[in-house]
Enquirer: 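Have a look at this one.
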Amino acid sequence: MLRFIAKRLLETIPVLLIVATLTFFMMKLAPGGPFDTDKATTPEIKAQLEAQYGLNQPVHEQYFNYLGQLVRGDLGPSFKYAGWSVGELLWSAFPVSLELGCYALAIALTVGTLAGIVASLRKNTVTDYVPMMFATLGICLPTFVTGPLLIMVFGIMLGWFNPSGWDFASDRVLPAITLGLYYTAYVARLSRAGMLEVFNQDYIRTARAKGVSKWRIIWRHSLRGGLLSVVTFIGPAIAGLVTGSLVVETIFHIPGLGRFFVMAGFNRDYTMVMGTVLFYATLIILMNLLVDIVQVWLNPKLRFE
Amino acid sequence: MAAPAQPVAITGAEELEAGHSLWQDAWLRLRKNKLAVGGGVFILVLALASFLSPLIAPHSYDTQNLALGATSPSGQHWLGTDDLGRDLLSRILYGGRISLSVGLAATLVAVVIGVLYGTISGYFGGRVDVLMMRIVDILFSLPFIIFVILLMVIYGRNIYLLFLAIGAVEWLDMSRIVRGQVLSLKKQEFIEAAQALGLRRRRIILRHMIPNVLGIVIIYGTLIVPRVMLTEAFLSFLGFGVQPPMSSWGTLISEGARSMEEFPWLLIFPGLAFSSTLFSLNFVGDGLRDALDVRASKD
Amino acid sequence: MPLLEVNDLQTSFHTRNGIVRAVNGVSFSLERGETLGIVGESGSGKSVTCHSLMGLVPQPPGRIESGTAMFDGKTDLLACSARELNVIRGRRVAMIFQDPMTSLNPFMRILDQLIEPLLTHKLARRDEAVKRAIEMLELVGVPDAAHRIRSYPHEFSGGMRQRVMIAMALVTKPDLLIADEPTTALDVTVQAQILELIKRSQQQLGMAVIFISHDLGVVSGFCDRVQVMYAGRIVESARTEHLFRSPRHPYNRALQKSIPALQPKGAALYTISGMPPDMSRPVQGCAFAPRCEFAVEACRVREVPLKEVEPGHRSACLRVQEKQLQWEGAHV
Ligand SMILES: Nc1ncnc2c1ncn2[C@@H]1O[C@H](COP(=O)(O)OP(=O)(O)O)[C@@H](O)[C@H]1O
Ligand SMILES: [Mg+2]
């Protein structure tokens, strides 16, 4: 187990290096520098700025400087927010996104698995059809449609929640639902299918033959196997939550990392965009690693290998 | 003990000869799937209306009528007008043209990359294959859309770049599937080479193998289309995709969301058009997959 | 009073392609300590019969249409509540299945699965249960039991897993063990060991056994009494030696003729012509008639009930019942 973790950790290093290198050269090959768009800058000021940010050195030196900084966790200064480093901006905005992401994931995992399990227990009844119909709907509706719709219905027409903002506890509700809806639906389908497959297994019949009660069969014998696919899905889900947060934070005007990233994109704040991309990539890779470990830990067959 | 006789294993050649009836079976099964048929009809009608929109659209999509402003649906403008007085129905039809075009073009990019990559990986096999598939595994875990945004930020918001970038996101599944297919064909070819020679073998390759791979490529191609359209709309919604004066469903939804308090129809109708298209495409794709009963194998 | 008395059991599956009448009015009884064999081609309804008794028929699509199964003269296994059934299952009646590779839960340690019957039925506390489980595992011949009990099923071979299944079934010292083709999925050498193990355990614990097999040869050395099933019905039932020495149903006779080991050297190998019946279509008359070389018009008219044709020997063949057919020895 420890060897597996160590091996996977070692594997992530080249991946991160590739990501960093890609982003760096993509930016270097960009037409026009970061200070071209500001009309007010004279050539002198521009040269001075470039010197200040080290942009006048040869590319390979810039590259190694940049890698060195990354290793120290330094993502450089923001081009547009004078006096702020990218790292500081990230750390001020990320907690908000993290909170939102956790709510969404929590909704997906609790509501999704519960709906899936209930549907699997009541297969081919109304209690199965209705949640599954909603699940199909939830999978096809993108966040940028559901978000505005939820705002329209619950924010404007019914007035239950603020249409946007991130100030009160109730402001968390609509964004979390918007972001979590797709994953809730997907998890519901996955867990229903997973449970139904397990219920058909011979070893469930064995358990029944032993006189084990229905609830213990569900809880002790079925859940692990039935929800394995849900655990596998958490990895891709986290990547999806990151992208989803861009939209949701924009729609609801939430001061999180996703909105910062989108705005940095509009402002062509190169260091900020680059830093965020690296941050997201690292986050997702590490989460995938974590999910892999949990998965192996849950499945004795994999653990053995 | 006289157990019921098992059907005798079919030899390779017969299996290949059976290819045609396999397609016929699949077609029959597809036709029975009401959701898939409904979805297919919906997509066809919508695509026709969109691409013929210069001919059939009731109004020009960019004629402004500032005096008129935003109006709710009426006999004159079936789906209403936006704040510049432009006819929404016409704008949706034109937007559909862009959205569907991006969908098809980017899917083509994804299919080409995926097929090339998968074929090379499967054809060479061995170490090359292991390495190439490992790369795919790694790419699977990366947040691709973020890179696309980076690309759009750095290189400007060019629609051809958009095709390429979105296509480059969605080729991974395709490469895996094609690789698996190539690997299994290699095995069949091996048997075949021992049995038949010359013309006959060429005929088998031309008439059966290529159609077989093609079938799977087409099915997964249809499954890619909605994903690609979603990515396009996502980028356009954020402002990194299709740029004015062009408009896609993504930009329409984004505009609608900005003014939904006063003019909800500007959000509802584009959203409806987009969602029902995604729905239909998904039904068609799932129906095709079920009809042919193919599954993506991981290795 | 018999330990188990089954009366007119009918089980069917309501599938999209029609109703499959898997078990069609099966009746039999079983004394304490007795070993009853059930043989028949695959698909003849052997598994469904005992799944019905154990409440293991998946419903839907399965349905118990009629019948009673009195256990110990008190409880009707087919009619009692889930709670009552769970008191008997695993404690007084235990079951082992055909495929040991899939019958153990891959996500649970052997230990947890082995002690589960004891804990479920509150027969022991956990530490006591662990001790008994290890003893049981040693008894069924798993080497190094105290250590290996902590492993997961995938670390065991097929034969070892079937031993685990047997240990799990016997750990509560049940009154009845139902063994549904316990050796079919195993290698020939392992088969003999497992059979030996079941026989030995039965003698030690004095329990009754229902032993199911599609192989007459396996059953012959093992059971006091044998029933032959065909198309969801029992067609012949007798003490083992009678069943083999003097078959009273053409199907049983044909089965025996197709076992090479029972035939004189050099005799041509015999196979039963025709296909087993399609259970989703009702048959008129005797279900075996279409494949029977002795069938006459009367056979196809009415269903033939199981009747005693000699003391302790019952047959569902019309012509045997009317004394028109009689054989001595299988190879006649
Ligand atoms: N879950 C099920 N659904 C439909 N038919 C079934 C099911 N289980 C068993 N059957 C049918 O019941 C009949 C008897 O099966 P079974 O008792 O398993 O035979 P065997 O004698 O080989 O154990 C078969 O025709 C089988 O097709
Ligand atoms: Mg069976």
Side-chain angles (χ1 to χ4, degrees), chain A residues 1 4 113 117 119-129 190-192 194-232 293-305, chain C residues 47 50-51 53-58 60-61 82-110 112-123 150-155 161 164-165 168-169 171-172 174 177-178 180 185:
Chain A
M1 192 69 186
F4 168 77
T113 46
I117 292 170
S120 74
L121 291 176
R122 300 260 179 282
K123 193 184 157 202
N124 293 340
T125 64
V126 181
T127 348
D128 179 17
Y129 293 141
L190 277 182
S191 45
R192 175 182 181 271
M195 293 302 279
L196 283 180
E197 197 180 320
V198 168
F199 290 153
N200 273 329
Q201 296 294 317
D202 285 352
Y203 61 81
I204 296 302
R205 192 182 57 195
T206 308
R208 292 210 289 154
K210 286 196 281 188
V212 179
S213 73
K214 186 181 164 187
W215 290 110
R216 193 177 147 87
I217 285 181
I218 295 168
W219 181 250
R220 188 72 217 273
H221 288 261
S222 312
L223 273 189
R224 245 197 200 193
L227 298 187
L228 215 54
S229 54
V230 174
V231 177
T232 317
I293 292 170
V294 171
Q295 210 174 314
V296 169
W297 175 71
L298 278 179
N299 192 341
K301 221 182 235 169
L302 289 178
R303 216 185 310 168
F304 192 58
E305 289 152 11
Chain C
S47 298
C50 34
H51 288 172
L53 299 179
M54 293 288 279
L56 297 177
V57 174
R83 185 178 295 259
E84 282 176 283
L85 193 60
N86 270 349
V87 172
I88 293 175
R89 288 200 291 203
R91 178 177 181 175
R92 305 200 54 196
V93 187
M95 187 160 177
I96 50 183
F97 299 93
Q98 177 172 340
D99 191 352
M101 301 309 275
T102 56
S103 294
L104 287 166
N105 191 329
F107 298 105
M108 286 170 73
R109 286 174 199 281
I110 299 288
D112 293 312
Q113 304 190 51
L114 265 180
I115 61 175
E116 198 169 31
L118 291 173
L119 299 185
T120 302
H121 299 290
K122 303 204 167 54
L123 297 175
R150 302 201 181 268
S151 28
Y152 284 92
H154 64 264
E155 298 167 50
R161 284 191 218 187
V164 171
M165 285 295 291
M168 197 159 78
V171 75
T172 55
L177 174 72
I178 302 179
D180 187 358

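Values in this document were obtained by computation on a predicted structure and should not be read as measured data. Reckoned from all heavy atoms, side chains included, excluding hydrogens, waters and symmetry mates. Labels below follow one simple rule: chain letters A, B, ... track the order of the sequence lines, proteins then strands, and each chain is numbered from 1.
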Enquirer: State which residues pass salt bridge (charged side-chain N to carboxylate O under 4.0 Å, His left out) with C:D180; sequence neighbours excluded, sorted by chain then number.
Expert: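 Once residues adjacent in sequence are excluded, C:D180 has no partner under the salt bridge (charged side-chain N to carboxylate O under 4.0 Å, His left out) criterion.
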
Enquirer: Should A:R205 and C:H51 count as side-chain neighbours, where that means a heavy-atom distance under 4.5 Å?
Expert: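 A side-chain contact exists here, since the closest heavy-atom pair is under 4.5 Å.
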
Enquirer: Count the heavy atoms belonging to other residues, nucleotides or ligands that lie under 6.0 Å from CZ of A:R216, then report whether that count exceeds 12.
Expert: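 Result for CZ/A:R216: enclosed.
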
Enquirer: To the nearest 0.5 Å, what is the distance between CG (C:L56) and OG1 (A:T206)?
Expert: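 That separation rounds to 9.0 Å.
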
Enquirer: Do side-chain atoms of C:R89 reach the backbone of A:R208 as a donor and acceptor pair under 3.5 angstrom?
Expert: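 Judged by distance alone, yes, a pair lies under 3.5 Å.
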
Enquirer: For A:R220, is it the side chain, the backbone, both or neither that has a heavy atom under 4.5 Å from a heavy atom of chain C?
Expert: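 Both backbone and side chain.
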
Enquirer: Is the backbone of C:A169 close enough, under 3.5 Å, to the side chain of A:K210 for a donor and an acceptor to pair up by distance?
Expert: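 Not a single qualifying donor-acceptor pair exists.
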
Enquirer: Would you give the length of the straight line joining atom CG of C:N105 to atom CG of A:D202, rounded to the nearest 0.5 angstrom?
Expert: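 One finds 11.5 Å between CG of C:N105 and CG of A:D202.
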
Enquirer: How would you list, by chain and number, every residue that makes a side-chain contact (heavy atoms from CB on, under 4.5 Å) with A:R192, sequence neighbours excluded?
Expert: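 Applying side-chain contact (heavy atoms from CB on, under 4.5 Å) to A:R192 gives A:A119, A:S120, A:K123, A:D128, A:M132, A:L196.
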
Enquirer: CG of A:L228 to CZ of C:F107: how many Å apart, nearest 0.5 Å?
Expert: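 CZ of C:F107 is found 5.0 Å from CG of A:L228.
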
Enquirer: Could you list which of residues 97-104 of chain C have a heavy atom closer than 4.5 Å to any heavy atom of chain A, in residue-number order?
Expert: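 So the qualifying residues are C:F97, C:D99, C:T102, C:S103, C:L104.
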
Enquirer: Heavy-atom pairs under 4.5 Å with chain C are the metric here; pick the option from A:I204, A:V198, A:V212 that has the most.
Expert: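 The residue among A:I204, A:V198, A:V212 with the greatest pair count is A:V212.
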
Enquirer: So which residue, A:G225, A:A207, A:S213, ends up with the most heavy-atom pairs under 4.5 Å with chain C?
Expert: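 Highest number of heavy-atom pairs under 4.5 Å: A:G225.
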
Enquirer: Taking side-chain contact (heavy atoms from CB on, under 4.5 Å) as the definition, give me every residue that meets it alongside C:V171, ordered by chain and number, with sequence neighbours left out.
Expert: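 In terms of side-chain contact (heavy atoms from CB on, under 4.5 Å), with neighbours along the sequence ignored, C:V171 is linked to C:P117, C:L118, C:M136.
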
